[in-house]
Amino acid sequence: MSARIQLQNLTECPLDTGRLQLAAQAALELSGDRSRGALSVIMADSETVRAYNRQHRKLDAATDVLSFAAPPLPDAIDSAVPYLGDIVIACDYVAAQCDARGCRLGDALCLLVIHGALHLLGHDHDSAASHERMWALQAAALQTLGISPALVDEYAAMNNG
């Protein structure tokens with residue numbers, strides 16, 4: 001059984017929902033036994049994501065993607081497909097970054113879905129070792145979609161430069 005991936009587009013952002021679902025599935029499959037999880041991907045505007053960032057991370061700043069891991073279910077609840085959480089992407093923020101740097105929006109959205117899904121699975125980039133591991137997983141997931149793994153560093157440079 002594959003993952004259950006729900007996409008919700010609260011914007012006018014053009015989406016290839018099938019490709020975004022494949023991106024999430026690729027990230028989950030890299031984790032082995034978590035490939036049967038469920039998650040939501042929500043496309044929102046940058047102001048909505050900024051408000052979430054302010055509320056949940058105490059950072060009053062725009063950002064491209066946020067992940068909200070679901071708390072684990074009590075042992076008494078037997079769920080065949082555990083709910084992993086939500087990924088919220090500021091589509092207009094990502095589109096502006098791509099327009100400024102010549103990046104393909106669809107590829108960048110796939111990267112962010114993968115990035116968010118890996119966070120939901122417990123991966124992080126807060127140390128050199130965890131950063132290296134997460135970036136390697138992102139690159140592997142991108143390759144399954146036919147997207148150059150170089151996008152990982154290119155997109156990071158867009159957001160830091």
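Hydrophobic clustering, with ILVMFWY side chains joined whenever heavy atoms are under 4.5 angstrom apart, keeps L7 apart from L66. Under the 4.5 Å side-chain heavy-atom criterion for Ile, Leu, Val, Met, Phe, Trp and Tyr, L112 and M134 are members of the same hydrophobic cluster. Neither I42 nor V94 shares a network with the other; the hydrophobic side chains, linked directly or stepwise wherever heavy atoms of I, L, V, M, F, W or Y lie under 4.5 Å apart, form separate groups for each. Cluster membership for L137 and L121, using ILVMFWY side-chain heavy atoms within less than 4.5 angstrom, is shared. Linking ILVMFWY residues whenever their side-chain heavy atoms come closer than 4.5 Å, directly or via other members, leaves Y52 and I89 in distinct clusters.
With rounding to the nearest 0.5 angstrom, the OG atom of S130 is 12.0 Å from the CG atom of L118. In this structure, the separation between CG on L120 and CZ on F68 is 10.0 Å, given to the nearest 0.5 Å. The structure places CG of L109 at 4.5 Å from CE of M43, a figure rounded to the nearest 0.5 Å. Separating the CZ atom in R104 from the SG atom in C110 is a distance of 9.5 Å, to the nearest 0.5 Å. With rounding to the nearest 0.5 angstrom, the CG atom of L84 is 12.0 Å from the CZ atom of R4.
When every heavy atom of S148 is checked against every heavy atom of L142, the shortest pair comes out as O-CD1, 4.1 Å. Residues I87 and A117 approach most closely at CD1-N, 3.3 Å, considering heavy atoms. Heavy-atom minimum distance, A70 versus Y83: CB-O, 3.4 Å.
Within a 6.0 Å sphere centred on CD of E132, other residues, nucleotides and ligands contribute 12 heavy atoms or fewer. Summarising the local packing, CZ of R57 is surrounded by 12 or fewer heavy atoms from other residues, nucleotides or ligands at distances under 6.0 Å.
The aromatic rings of H119 and H115 lie perpendicular to each other, with more than 60° between the two planes, well past the 30° mark.
Side chain of N53 to backbone of A61: a donor-acceptor contact under 3.5 angstrom is found.
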Would you tabulate the side-chain donor-acceptor contacts of residues 10-24 under 3.5 Å, counting partners in other chains and residues two or more places apart, or write 'none'?
from : atom 1 : to   : atom 2 : distance (Å)
T11  : OG1    : N9   : OD1    : 2.7
T11  : OG1    : C13  : N      : 3.0
D16  : OD1    : G18  : N      : 3.4
D16  : OD1    : R19  : N      : 3.2
R19  : NH1    : D107 : OD1    : 3.0
R19  : NH2    : D107 : OD1    : 2.7
Q21  : NE2    : I5   : O      : 3.0

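Proximity of W135 to P149: side-chain heavy atoms (C-beta onward) are nowhere separated by under 4.5 Å. Between Y93 and V49 there is no side-chain heavy-atom pair separated by less than 4.5 Å.
Under the 3.5 Å distance criterion, with hydrogens and angles disregarded, a donor-acceptor pair is assigned to the side chains of S46 and D92.
Residues satisfying the ring-ring contact (aromatic ring centres under 6.0 Å, His included) test with H123, not counting sequence neighbours, are none. Listed by chain and number, the residues in a side-chain contact (heavy atoms from CB on, under 4.5 Å) with A141 are A26, L30, I114 (sequence neighbours excluded).
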